[in-house]
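See structure below.
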There are 2 protein chains.
Amino acid sequence: MASQSKENYLKALFHLDQKDKAISVTELGKVMEVKKSSVTNMVKKLAESGWLKYEKYQPIRLTKKGRKAAALIIRKHRLTEMFLVTKMGFGWEEVHDIAEQMEHIDSPILFDKMDELMDSPRFDPHGSPIPSKDGTLHATHFYPLDSFKQNDIVLLKALRHSEHTFLEYLNSKELKLHEQIAIHSIEPFDKSMIVSYGKHTHVVLSATISTNLMCEKVGDI
Amino acid sequence: MASQSKENYLKALFHLDQKDKAISVTELGKVMEVKKSSVTNMVKKLAESGWLKYEKYQPIRLTKKGRKAAALIIRKHRLTEMFLVTKMGFGWEEVHDIAEQMEHIDSPILFDKMDELMDSPRFDPHGSPIPSKDGTLHATHFYPLDSFKQNDIVLLKALRHSEHTFLEYLNSKELKLHEQIAIHSIEPFDKSMIVSYGKHTHVVLSATISTNLMCEKVGDI
DNA sequence: AAAATTTGTTAGTTATAGCTAACTTATTAA
DNA sequence: TTAATAAGTTAGCTATAACTAACAAATTTT
Ligand SMILES: [Mn+2]
Ligand SMILES: [Mn+2]
Ligand SMILES: [Mn+2]
Ligand SMILES: [Mn+2]
């Protein structure tokens with residue numbers, strides 16, 4: 001495959017691509033934390049190798065080949081995260097930084113073995129879907145908690161992002177994936193919610209939190 | 001730590017250092033599979049960072065700091081190999097190439113966790129000692145099978161090298177680590193041996209093989 | 001429509017890590 | 001002890017991947 005840096009660009013491009021709006025040099029530069037000139041340079045090289053299409057001043061478009069390559073890197077990342085949590089006993093807040101490095105390891109047998117030992121998991125520890133071996137990423141249909149109504153009962157299925165501090169916060173609240181959450185009320189002023197889940201009753205969740213909790217409705221109170 | 005390339009140089013230097021003769025630019029170049037000029041260049045940089053001492057035309061000498069850093073990389077390599085074999089079900093012939101990449105992963109918690117899950121193993125799957133967390137490498141006292149005599153009974157404790165083809169050969173002979181080997185006779189002409197071990201009786205081992213099987217005497221026939 | 005701002009490109013620089021070719025120093029053989 | 005060979009260094013080149021500074025194109029505001 002490509003270099004570590006190119007692989008990280010492909011991954012970033014894949015994520016921007018999912019947001020189905022045109023991918024700009026500026027945006028890619030922000031995600032990659034490099035200057036725009038560096039992006040222009042790299043994008044030219046990636047285009048030469050057929051990972052994407054690029055014309056001066058035009059949006060960047062991933063090719064089929066580029067999308068598949070990116071999905072397979074993300075597969076390695078997410079399989080690793082799941083392996084670290086389910087087979088090695090790491091917390092979900094510890095695994096991203098390790099996976100960020102492991103995703104560049106070139107060893108089909110390593111990731112095939114992880115997949116086998118876990119019986120082909122479909123989601124990573126943060127609820128993100130794991131692309132299949134052919135590079136297909138199944139779409140999920142989860143919605144942010146703040147899009148549901150009073151008296152809805154939902155399951156927490158995924159997190160919109162998985163920053164360390166956010167995961168630590170959820171740990172402190174003992175809020176885990178697949179937990180059932182009942183929405184008692186929504187404060188109209190600041191959109192904060194009063195919810196119950198597990199052993200916790202009538203907990204307040206700010207809108208900042210609830211907007212990052214991706215859920216699925218399963219019933220009413 | 002240093003770059004991946006620098007880490008590989010340190011590892012190579014550590015191995016050459018074990019052979020307690022002066023380390024030359026030429027030799028290091030051979031091990032690293034780079035030209036001598038590339039070595040001179042890199043050695044200058046490593047010296048600047050204090051990993052080794054270097055003066056023009058003089059042998060290269062690792063510093064204490066360099067030796068410790070190298071040992072800790074080797075620790076990561078060998079812990080990984082052992083983890084892959086004992087916890088993931090890989091064969092001892094499959095793990096070196098993966099460990100060669102994993103040894104560069106910067107994550108103390110990952111390797112601490114492996115260590116913990118395996119109860120601090122002292123040897124890797126090929127019988128090489130695993131340096132301790134403080135960078136100490138315990139010396140082993142194993143000798144090649146061809147240095148023992150007729151009627152000696154020995155244990156196979158380590159391999160001198162672990163090339164894929166050699167390991168496959170041992171697999172085909174069902175010869176495993178910690179196996180008890182009885183030496184029935186030694187052919188004076190080519191130093192080949194007739195030995196028994198496990199379910200196998202009176203197997204012929206060429207000198208090429210026996211010189212790479214590191215053993216420890218445990219008795220007589 | 002002109003001005004201001006944002007977006008994107010180009011040119012030139014740096015660091016890393018390799019290479020070849022030419023040269024120098026050290027060692028070994030004649 | 002000279003000549004040949006081996007070992008090691010230097011200078012200059014390449015590729016990757018970042019950077020800054022200057023500029024050009026596109027878009028937005030006035
Ligand atoms: Mn992650
Ligand atoms: Mn990465
Ligand atoms: Mn190894
Ligand atoms: Mn390595």
Side-chain angles (χ1 to χ4, degrees), chain A residues 1-14 16-17 19-62 66 69-70 73 100-101 103-106, chain B residues 1-14 16-17 19-62 66 69-70 73 100-101 103-106:
Chain A
M1 244 296 290
S3 69
Q4 201 140 320
S5 180
K6 289 197 177 80
E7 289 194 347
N8 285 335
Y9 272 93
L10 282 176
K11 241 189 2 154
L13 282 161
F14 187 91
L16 290 172
D17 198 45
K19 299 192 189 161
D20 63 26
K21 52 165 184 150
I23 302 170
S24 69
V25 165
T26 304
E27 229 175 335
L28 183 51
K30 273 178 191 149
V31 176
M32 291 300 297
E33 298 182 279
V34 298
K35 302 293 168 189
K36 288 177 296 177
S37 58
S38 305
V39 173
T40 302
N41 234 288
M42 181 58 95
V43 153
K44 280 178 185 170
K45 288 190 234 158
L46 291 170
E48 266 170 42
S49 315
W51 306 109
L52 51 81
K53 295 288 177 193
Y54 163 72
E55 271 158 304
K56 266 195 195 184
Y57 299 105
Q58 291 312 117
I60 301 158
R61 288 164 309 141
L62 267 181
I73 298 161
E100 202 59 51
Q101 300 177 66
E103 72 193 3
H104 304 292
I105 286 182
D106 176 22
Chain B
M1 244 296 290
S3 70
Q4 202 142 319
S5 181
K6 290 197 176 83
E7 290 194 347
N8 285 335
Y9 272 93
L10 282 177
K11 240 189 2 157
L13 282 162
F14 186 91
L16 289 172
D17 198 46
K19 299 191 188 162
D20 62 27
K21 52 165 186 150
I23 302 170
S24 70
V25 165
T26 305
E27 229 176 334
L28 183 52
K30 273 179 190 148
V31 176
M32 289 301 296
E33 297 182 281
V34 299
K35 302 294 170 191
K36 288 176 298 178
S37 57
S38 304
V39 173
T40 302
N41 234 288
M42 181 59 95
V43 154
K44 280 179 187 169
K45 286 190 236 161
L46 291 170
E48 266 170 43
S49 315
W51 306 110
L52 51 83
K53 293 288 175 194
Y54 164 71
E55 269 158 305
K56 268 196 193 185
Y57 299 106
Q58 291 311 119
I60 301 158
R61 290 164 307 143
L62 267 182
I73 298 160
E100 203 58 51
Q101 299 177 67
E103 72 193 4
H104 305 292
I105 286 182
D106 175 23

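Below, read A as the first sequence line, B as the second, and so on, with proteins coming before strands; counting in each chain starts at 1.
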Quiz item: Does A:Tyr54 put a side-chain nitrogen or oxygen below 4.0 Å from OP1 or OP2 of C:dT9?
Solution: yes
Practice problem: Report the distance from atom CD of B:Gln58 to atom P of C:dT25, rounded to the nearest whole Å. | Solution: 14 Å
Quiz item: For B:Val39 and B:Gly29, which heavy atoms make the closest approach, and how far apart are they?
Solution: CG2-CA, 3.4 Å
Quiz item: Between the side-chain atoms of A:Ser37 and the base atoms of D:dT20, is any donor-acceptor pair under 3.5 Å?
Solution: yes
Quiz item: So which nucleotide from C:dA17, D:dA25, D:dA18 ends up closest to the side chain of B:Ser5?
Solution: C:dA17
Quiz item: Does B:Lys6 put a side-chain nitrogen or oxygen below 4.0 Å from OP1 or OP2 of C:dA17?
Solution: yes
Quiz item: Distance check: side-chain N/O of A:Lys56 vs OP1/OP2 of D:dA24, anything under 4.0 Å?
Solution: no
Self-check item: Nucleotide D:dA11, atom P - distance to CG of B:Asn41 in whole Å
Solution: 11 Å
Practice problem: Output the single nucleotide from C:dT24, C:dG18, D:dC19 whose closest atom is nearest the side chain of B:Tyr57. | Solution: C:dT24
Exercise. Measure from NZ on B:Lys21 to P on D:dA7 and round the result to the nearest Å.
Key: 11 Å
Practice problem: Give the intermediate values and the outcome of side-chain contact (heavy atoms from CB on, under 4.5 Å) for residues B:Leu16 and B:Ile60. | Solution: CA-CA 10 Å; B:Leu16 289 172; B:Ile60 301 158; over 6 Å; no
Quiz item: Where is the tightest heavy-atom contact between B:Gln101 and A:Asp106, given as atom of each residue plus distance?
Solution: OE1-N, 2.8 Å
Quiz item: How many Å lie between NZ on A:Lys35 and P on D:dT20, as a whole number?
Solution: 5 Å
Quiz item: Looking only at side-chain N and O atoms, does B:Lys45 come under 4.0 Å of OP1 or OP2 in C:dA17?
Solution: yes
Quiz prompt | Nearest heavy-atom neighbours spanning A:Ala2 and A:Glu7 | solution = O-OE2, 3.7 Å
Exercise. Please determine if A:Glu27 and A:Lys21 form a salt bridge, counting it only when a charged side-chain N lies under 4.0 Å from a carboxylate O.
Key: yes
Quiz item: Which residue lies toward the 5' end of DNA chain D, A:Glu33 or B:Val25, if each is placed at its nearest nucleotide?
Solution: B:Val25
Exercise. Would you tell me if any nitrogen or oxygen in the side chain of B:Tyr9 comes within less than 4.0 Å of OP1 or OP2 on C:dG18?
Key: yes
Quiz item: Is B:Thr26 touching bases, backbone alone, or none of the nucleic acid, heavy atoms closer than 4.0 Å?
Solution: sugar-phosphate
Quiz item: What about B:Thr40, does its side chain sit under 3.5 Å from the base of D:dT10 through a donor-acceptor pair?
Solution: no
Exercise. Report the distance from atom CE of A:Met42 to atom P of C:dT10, rounded to the nearest whole Å.
Key: 16 Å
Self-check item: For atom CD1 of A:Ile60 and atom C1' of C:dT9, their distance in whole Å
Solution: 13 Å
Quiz item: Any side-chain N or O of B:Ser24 less than 4.0 Å from the OP1 or OP2 oxygen of D:dA7?
Solution: no
Quiz item: Atom NE2 of A:His104 and atom P of D:dT16: how far apart are they, to the nearest Å?
Solution: 18 Å
Exercise. In whole angstrom, give the distance that lies between atom CD of B:Glu7 and atom P of C:dA17.
Key: 11 Å
